[in-house]
A.B. asks: 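Got a structure for you, written out below as structure tokens; questions coming shortly.
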Amino acid sequence: MEEGPAAASGSPSPDELIQRPRTHWIEPIADDYAIATDADPSERAIMRQSIRLAFVAALQHLAPKQRAVLVLMEVLEWSAAEVAETCKHQCCSE
């Protein structure tokens, strides 16, 4: 499947992407915000595992291209420009 020009899809071209500092990206939530600080260690471990499972479940609902972008940016720490360049050459073949 080929994609049309960026303007037709409403997405900016890779040249128009703005490199933002890492402070503008979603980061993992601190344990103190997601897990009760007064919980015993076994409850904290169960809560952490539940959060991990929720993330995996969310990944399964993403489209392949969205999943690839999430992994490239959040796991491999690629910049938005690097992901856009890679997707322009590889992800468009979906």
A.B. asks: Which heavy atom in Gln60 sits nearest to a heavy atom in Arg67, and how many Å separate them?
C.D. replies: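 So the minimum-distance heavy-atom pair works out to O-NH1, 4.0 Å.
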A.B. asks: When hydrophobic residues are tied together by side-chain contacts of less than 4.5 Å, even through go-betweens, does Ile51 share a cluster with Leu53?
C.D. replies: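 Cluster IDs for Ile51 and Leu53 differ.
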A.B. asks: Can Val56 be reached from Leu70 by stepping across I, L, V, M, F, W or Y side chains whose heavy atoms are under 4.5 Å apart?
C.D. replies: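 Result: no, two separate clusters.
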A.B. asks: Can you tell me if Arg44 uses its side chain to pair, donor with acceptor, with the backbone of Ala39 under 3.5 Å?
C.D. replies: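 Between the backbone of Ala39 and the side chain of Arg44 there is no qualifying donor-acceptor contact (under 3.5 Å).
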A.B. asks: According to side chain to side chain contact (heavy atoms under 4.5 Å, CB included), who are the partners of Ala45, at least two apart in sequence or on a separate chain?
C.D. replies: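 Once residues adjacent in sequence are excluded, Ala45 has no partner under the side chain to side chain contact (heavy atoms under 4.5 Å, CB included) criterion.
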A.B. asks: Can you list the residues that meet the side chain to side chain donor-acceptor pair (under 3.5 Å) rule with Gln49, with sequence neighbours excluded?
C.D. replies: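 Gln49: side chain to side chain donor-acceptor pair (under 3.5 Å) contacts with Arg52.
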A.B. asks: Looking at NE2 of His61 and CD of Gln66, how far apart are the two atoms once the value is rounded to the nearest 0.5 Å?
C.D. replies: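 Between His61 NE2 and Gln66 CD, I get 12.5 Å after rounding to 0.5 Å.
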